[in-house]
Visitor: 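Could you have a look at this structure, given as structure tokens, before my questions?
Order of the sequence lines sets the chain letters (A, B, ...), proteins ahead of strands, with each chain counted from 1.
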Amino acid sequence: MDKKEKTLYIVITLLVVSLAIFGVWIEGPTNAFRQVLMLQGQSAQLINDFTVYGTGGTFVNAASVGALALILVYFASVNLSGPTLATILTMIGFSFFGTTPLNSIPIIVGVYLASRYSNQSFGSFSIIALFGTAIGPVVTFIIFTTDMPLMFSFPLGLAAGVLIGFILPALASSMLQLHQGYNLYNMGFTCGFLGLFIAGILRALGIIYIPESNWNEGSSLSLMLVIPFFSLVFIITALLTEKWQNCFYGLKEIQKMTGRLPSDFFDSPYIGGTLLNVGLLGLLYYLYVLAIGVSLSGPVVGGLLTIMAFGGFGKTLKNTYPIVLGVILASLLFKKELTEGGAVLALLFSTTLAPLAGQFGPVIGIVAGVLHLVMVEITAHWQGALNLYNNGFAGGLTAILVVAIMQWFSTYQKRRSRL
Amino acid sequence: MKRKKEFIGRLIGEMTNYLLESDPLMLVVSLHHEQDGAHISFFDDRIRTDKELKKINDALNPKNSRPELAGYYGSMAGNSMSWSGRLDLIGWQIKGASVKNSSTGIHIDLWLGSDEFMPEQFTINQNKK
């Protein structure tokens with residue numbers, strides 16, 4: 001294990017342990033434990049803000065999901081680097097509104113079985129296994145939302161999760177080819193595609209149920225502190241790892257990268273710059289959320305954590321802003337409230353399309369942002385709100401459209417220039 | 001066999017995508033296949049600078065093994081000829097590569113195979129001796 005990897009292990013362990021300690025501290029151990037147990041039985045369909053049931057329990061749930069991901073990365077013998085950091089922080093983020101150990105583990109087991117079946121190491125499927133937990137709500141839905149007695153629904157839910165996990169590797173690579181790496185949440189796209197069929201089957205059986213959104217309207221101090229704390233840990237680590245001049249030089253160099261999958265910024269010589277990028281992305285979008293007066297609910301914290309998650313794997317300050325501008329523009333154009341929950345989440349998660357702006361420039365980035373907002377509002381219903389990374393699904397569709405058009409234009413231009 | 005065919009095809013696709021960007025007048029791809037592995041050679045008529053050779057060599061011989069990237073993201077290799085070729089996608093999936101200038105242009109050898117496969121025991125090399 002090299003110095004960079006050791007540093008990342010220390011940082012992630014610190015963040016996970018801090019979440020657990022903080023959760024237990026604000027609720028007390030008994031209450032926090034009770035809340036964590038309660039969260040396992042809640043509907044994980046979009047959007048169910050877990051902080052409504054208790055902030056402390058949500059923090060402990062997030063810590064347990066983060067610990068599960070970190071342990072898997074360690075034992076799968078894969079590098080803790082850009083992509084794996086992205087999976088861990090994204091899973092922590094979504095455990096504020098959907099991901100639990102109960103609905104994650106069956107998916108991971110299914111992917112593990114697929115790796116055994118195909119005679120590959122689990123490490124080679126580890127990213128699919130961890131991001132694949134996006135479709136975890138199917139497990140919870142079958143166990144707790146159908147009318148079956150628990151003694152039948154429980155094993156059925158677990159078995160469905162294992163089966164879904166088993167087929168995810170087959171789908172994930174194919175989906176990647178469609179958008180050619182320009183949608184960072186490829187597993188969101190994959191799970192959304194699969195979710196279409198699952199929701200179709202559930203609709204045919206007459207048991208689909210899409211719950212009303214459940215948001216925490218108030219903002220607690222503890223939730224407000226999560227992002228500044230996480231961001232500062234990354235910024236301080238950057239400044240401890242390298243001289244500040246090198247950090248800022250690295251940050252500047254990273255802004256030149258397109259971010260197209262798979263761009264592991266930790267593979268570049270700019271480790272300090274990458275850590276700084278992660279921290280600054282978190283702070284920048286946190287300040288935006290505060291500036292427009294949105295309360296820090298579980299999903300908003302999850303969105304901000306996901307932006308940070310990809311700060312070492314595709315997102316930069318430079319390639320995210322055009323997409324976000326596009327979403328703001330679309331909100332104004334279609335007379336949507338910028339502070340409305342769905343619009344805020346669309347804005348934060350739209351940064352999945354950052355590589356489009358990185359590759360084709362800010363104008364295409366803005367167009368992609370506009371298209372993304374239009375799509376994301378309808379895709380959740382298509383897939384029965386069962387795929388947590390709904391923006392990854394909408395982002396995938398947007399990326400396919402934009403990339404196909406850009407590809408055609410680039411070919412046409414090349415031909416014309418030769419004539 | 002199906003998987004091997006697809007794998008080799010993708011590697012050749014991505015590598016030729018990269019080499020064709022420098023607009024060569026000649027490009028030769030040669031494949032030698034054995035039970036435990038394969039050897040693919042690429043020759044063109046464009047001499048590269050030392051800096052370019054190092055860049056290509058570094059991308060094809062990554063410092064760390066990256067199983068989490070090789071199988072999943074590596075499947076993008078050879079998928080599209082519209083954008084620049086990405087040699088790191090190849091580097092994660094092969095056993096090793098050698099990169100040098102020949103008298104006419106660049107000469108790249110890709111070695112692929114199982115853990116048992118050793119390029120130095122490859123019969124092509126023995127024949128050369």
Side-chain angles (χ1 to χ4, degrees), chain A residues 1-2 4-5 72-73 76-84 86-87 111 115 118-131 168-169 172-182 186-187 190 258 260-264 266-267 313 355 359-360 403-404 406-411 414, chain B residues 1-7 9-11 13-14 17-18 20-25 36 51 54-95 112-117:
Chain A
M1 195 184 290
D2 59 18
K4 170 206 80 185
E5 207 177 351
L72 272 173
V73 167
S77 302
V78 291
N79 289 344
L80 181 55
S81 194
T84 35
T87 60
V111 177
S115 75
S118 58
N119 210 16
Q120 303 284 307
S121 68
F122 178 63
S124 58
F125 287 173
S126 53
I127 291 179
I128 298 172
L130 296 170
F131 278 138
L168 278 182
S173 294
S174 301
M175 296 290 113
L176 199 54
Q177 316 296 339
L178 294 177
H179 58 78
Q180 297 179 28
Y182 288 101
N186 180 57
M187 283 310 296
T190 306
T258 65
R260 183 184 171 194
L261 283 173
S263 301
D264 185 353
F266 285 101
D267 255 358
F313 193 51
Q359 180 82 47
F360 306 116
V403 170
M406 294 309 292
Q407 198 164 341
W408 186 85
F409 272 109
S410 105
T411 309
K414 276 177 199 165
Chain B
M1 182 60 199
K2 210 172 183 179
R3 188 173 167 265
K4 199 184 273 183
K5 186 179 81 174
E6 189 194 327
F7 178 53
R10 280 196 279 110
L11 295 185
E14 194 66 30
N17 183 21
Y18 180 82
L20 287 171
E21 273 166 41
S22 55
D23 214 9
L25 297 175
D36 275 336
K51 199 178 163 189
K54 186 180 179 315
K55 198 178 152 196
I56 296 169
N57 191 58
D58 288 352
L60 292 175
N61 294 292
K63 279 181 263 174
N64 299 315
S65 119
R66 302 297 298 268
E68 78 280 18
L69 300 177
Y72 177 27
Y73 296 113
S75 65
M76 277 197 286
N79 184 248
S80 170
M81 300 294 271
S82 298
W83 321 116
S84 306
R86 300 193 293 171
L87 298 183
D88 48 355
L89 295 179
I90 300 172
W92 294 324
Q93 301 184 75
I94 60 173
K95 214 167 166 64
L112 17 152
S114 66
D115 288 342
E116 290 77 35
F117 173 65

Visitor: About how many Å separate OH of B:Y73 and OG of A:S263, when rounded to the nearest 0.5 Å?
Guide: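 Going from OG on A:S263 over to OH on B:Y73, the span is 10.0 Å.
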Visitor: Considering only heavy atoms from C-beta outward, does the side chain of A:V78 approach that of B:R66 to under 4.5 Å?
Guide: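 A side-chain contact is absent here, since even the closest heavy-atom pair is not under 4.5 Å.
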Visitor: If every non-hydrogen atom of A:Q177 is compared with every non-hydrogen atom of B:S75, which pair is closest and at what distance?
Guide: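 So the two residues come closest at NE2-O, 3.0 Å.
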Visitor: Under the salt bridge (charged side-chain N to carboxylate O under 4.0 Å, His left out) rule, collect the residues that match up with B:K55, sequence neighbours excluded.
Guide: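 Once residues adjacent in sequence are excluded, B:K55 has no partner under the salt bridge (charged side-chain N to carboxylate O under 4.0 Å, His left out) criterion.
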Visitor: Could you measure the distance from the CD1 atom of A:I127 to the CG atom of B:L69? Nearest 0.5 Å is fine.
Guide: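 If we round to the nearest 0.5 Å, A:I127:CD1 and B:L69:CG are 5.5 Å apart.
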Visitor: Walk me through whether A:N186 and B:Y72 qualify under side-chain contact (heavy atoms from CB on, under 4.5 Å).
Guide: CA-CA 11 Å; A:N186 180 57; B:Y72 177 27; 2.7 Å; yes
Visitor: Please classify the contact between A:P83 and chain B as side chain, backbone, both or neither, with a heavy-atom cut-off of under 4.5 Å.
Guide: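 A:P83 touches chain B through side-chain heavy atoms alone.
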Visitor: Flag the pair A:D267 and B:K63 as a salt bridge only when some basic side-chain nitrogen lies within less than 4.0 angstrom of an acidic carboxylate oxygen.
Guide: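 So A:D267 does not pair with B:K63 through a salt bridge.
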Visitor: Name the option with the most non-hydrogen atom pairs under 4.5 Å to chain B; the candidates are A:F125, A:F360, A:F122.
Guide: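 Ranked by contacts with chain B, first place is A:F360.
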Visitor: Quick check on A:M187 against chain B: is it the side chain, the backbone, both or neither that has a heavy atom closer than 4.5 Å?
Guide: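 Answer is both: backbone and side chain atoms of A:M187 are under 4.5 Å from chain B.
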Visitor: Among A:I128, A:T84, A:L176, which residue has the highest count of heavy-atom pairs closer than 4.5 Å to chain B?
Guide: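 Most heavy-atom pairs under 4.5 Å with chain B: A:L176.
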Visitor: For B:M76, does its backbone N or O pair with a side-chain atom of A:Q180 as donor and acceptor, under 3.5 Å?
Guide: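 Not at all, since once roles are kept as given, no pair shorter than 3.5 Å links the two residues.
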Visitor: Evaluate the criterion side-chain contact (heavy atoms from CB on, under 4.5 Å) for residue pair B:N64 and A:D2; output intermediate values, then yes/no.
Guide: CA-CA 10 Å; B:N64 299 315; A:D2 59 18; 4.3 Å; yes
Visitor: Could you report the tightest heavy-atom contact between A:S121 and B:P67, atom names first, then the distance?
Guide: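 Scanning both residues completely, I find the closest heavy atoms to be OG-CB, 4.5 Å.
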Visitor: Output, in order, the C-alpha distance, side-chain angles, deciding distance and verdict of side-chain contact (heavy atoms from CB on, under 4.5 Å) for A:V73 and B:E68.
Guide: CA-CA 10 Å; A:V73 167; B:E68 78 280 18; over 6 Å; no
Visitor: Find the distance between OG (A:S173) and CG (B:N79) and round it off to the nearest 0.5 Å.
Guide: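 Rounded to the nearest 0.5 Å, the OG-CG separation comes to 10.5 Å.
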